[in-house]
Amino acid sequence: MSKYTVAVYPGDGIGIEVTREAVKLLCAIERLYGKEMFNLTEFDWGTVYWERTGSVVPNDYLNTLRQFDAVYLGALGNPAKIPDHISLKPLIEIRQSFDQYVCLRPATLLPGLSTPLAGKKPLDIDMMVVRENSEGEYAGVGGVLKCDTPDEIATEVSIHTRKGIERILRYGFELAAKRKKRLAMATKSNVIKFGMVLWDRVLSSVAPDYPDVQAEKCHIDALAMNFVRFPERYDVVVASNLFGDILSDIAGTVSGGLGLAPSANINPERKHPSLFEPVHGSAPDIAGRGVANPVAAIRSAAMMLDFLGEPQAAELVNSAVAACLEDGLVKTPDLGGTSTTQEMGDDIARRLLAS
Ligand code: IPM
Ligand code: MG
């Protein structure tokens, strides 16, 4: 009998190509374990569905997804055909409706990879960006007045709640306690006087509960600079929704590129399904050419395995990825190679099956 039900939502662009490789690794895990573990249901939502129906998802798609143990997403966005605010809406809606308030974005410079930073060695960079994923700058509160006139006004209200800040900080502290015991929180309380001052105050009230973790706050501009200058200083970094979005792109880039960066959008209480997706987007410029790096997608599948309760399987997938990267024989053009998406996925699957 199948154990885990997973909704597979490849989406658009390279999302479709890299999801195929992530699914390949799930199937390889089943072969290795000699049992059926996943019941995968694929949805053609995104451009394909939009061409057929005029919407990117069906009206009741949240109820459909709710029944699954997890959602696996490739990438959304096809700006040549669909405005981004329409094609990306389901992603934000899923994160908020399913209260996936933790977005985990690990960034590790693994052996075999190169970084654009001078003088950094493998494993110098090993951090986890913990992004608040349910409110903040992405709350979607605001409006437009006097649309399309010279007097047009737009408001975009950030919502920062004490409950929302406290729960993400506690998650970050608990994670830091299991890692290198360092936590940095992004702020900008020198200018953003209400929301970010609340973040600072909640940090001061929560930090004493975790005496073993060394906590600091850092203004987002300085933190962005430090991610480039001294990434080795960072272990767990907690940030609001937008700050976390930006920091995770920097963290991914300095640790080898966004083609490698996975993410997990988690509802820790497991009241709703969690969603796993690569940090990168649909990359329309290279879509359909079979050259996208499948590693971010495969590592996102590993994060899903871990969350579903299969940490050993997750570890095996991550080890197969690490071995592929370290050997460097099969790599996609973003890593300086000439291999295709499929060849890299095959190489990782082969290594997994040999483990
Ligand atoms: C990400 C992406 C999304 C975000 C976009 C595609 C809406 O950049 O997951 O980091 O801003 O959250
Ligand atoms: Mg982003």
Side-chain angles (χ1 to χ4, degrees), residues 9-16 18-19 22 45-47 50 56-57 61 70-107 127-142 156 158-160 164 168 186 220 223-224 227 237-267 273-287 292-293 295-297 299-301 303-304 334:
Y9 178 0
D12 307 309
I14 64 165
I16 296 169
V18 297
T19 297
W45 300 338
T47 309
W50 182 83
V56 288
V57 283
Y61 82 104
V71 181
Y72 184 88
L73 176 77
L76 300 183
N78 186 355
K81 291 192 172 165
I82 312 170
D84 273 346
H85 71 277
I86 295 176
S87 56
L88 302 178
K89 193 168 158 232
L91 176 58
I92 309 301
E93 221 162 51
I94 292 168
R95 290 175 180 167
Q96 293 179 349
S97 309
F98 293 164
D99 206 18
Q100 292 166 351
Y101 62 88
V102 177
C103 182
L104 292 179
R105 297 190 156 182
M127 62 168 110
M128 178 73 87
V129 176
V130 179
R131 169 183 181 186
E132 201 297 317
N133 212 32
S134 65
E135 53 180 48
E137 307 85 349
Y138 280 48
V141 175
E156 189 80 49
S158 296
I159 304 290
H160 301 278
I168 196 71
I220 183 65
L223 196 51
F227 266 34
V237 180
V238 182
S240 68
N241 213 331
L242 179 63
F243 290 174
D245 177 43
I246 298 166
L247 287 176
S248 56
D249 269 23
I250 305 177
T253 299
V254 299
S255 41
L258 282 198
L260 306 163
S263 84
N265 301 264
I266 287 174
N267 173 245
S274 293
L275 178 145
F276 302 83
E277 52 161 353
V279 172
H280 65 67
S282 58
D285 52 328
I286 58 161
N293 189 330
V295 166
R299 293 169 88 189
S300 303
M303 292 184 87
M304 179 172 81
D334 58 307

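Start at 1 with the first residue, then count along the sequence. We count ligands from 1, going down the list as the structure has it; atoms in each ligand are counted the same way. Quick caveat, the model's predicted, so the values are computed rather than measured.
- Only the side chain of Arg105 comes within contact range of ligand 1, with a heavy atom under 4.0 Å; no backbone atom does.
- In terms of heavy atoms, Val279 sits closest to Pro262 at CG2-O, 3.5 Å.
- Looking only at protein heavy atoms, the nearest one to atom 2 (C) of ligand 1 is Asp245 OD1, 4.0 Å.
- Protein heavy atom closest to atom 11 (O) of ligand 1, with residue, atom name and distance, is Tyr138 OH, 2.5 Å.
- For ligand 1, the atoms lying closer than 4.0 Å to a non-hydrogen atom of Arg95 are 1 (C), 4 (C), 9 (O), 12 (O).
- For Asn293 against Val18, the heavy-atom pair with the smallest separation is O-CG1, 3.6 Å.
- Between the Asn265 side chain and the Leu275 main chain, a donor and an acceptor come within less than 3.5 Å of each other.
- For ligand 1, the atoms lying closer than 4.0 Å to a non-hydrogen atom of Arg131 are 1 (C), 4 (C), 9 (O), 10 (O), 11 (O), 12 (O).
- With sequence neighbours excluded, the residues satisfying side-chain contact (heavy atoms from CB on, under 4.5 Å) with Thr47 are Asp12, Glu51, Asn78, Lys81, Ile82.
- Atom 5 (C) of ligand 1 has its closest protein heavy atom at Leu88 CD1, 4.3 Å.
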Contacts under 3.5 angstrom, residues 247-254 side chains, donor-acceptor by atom type, not counting sequence neighbours:
residue: Ser248; atom: OG; partner: Arg105; partner atom: NH1; Å: 2.9
residue: Ser248; atom: OG; partner: Gly244; partner atom: O; Å: 2.8
residue: Ser248; atom: OG; partner: Asp245; partner atom: O; Å: 3.0
residue: Thr253; atom: OG1; partner: Asp249; partner atom: O; Å: 2.7

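- In summary, Asp245 places an N/O/S atom under 2.8 Å from the Mg ion (ligand 2), meeting the contact criterion.
- Each of Glu137, Glu132, Glu135, Arg131 was compared with Ser240 under the side-chain hydrogen bond (donor to acceptor under 3.5 Å, both in side chains) criterion, and only Glu137 meets it.
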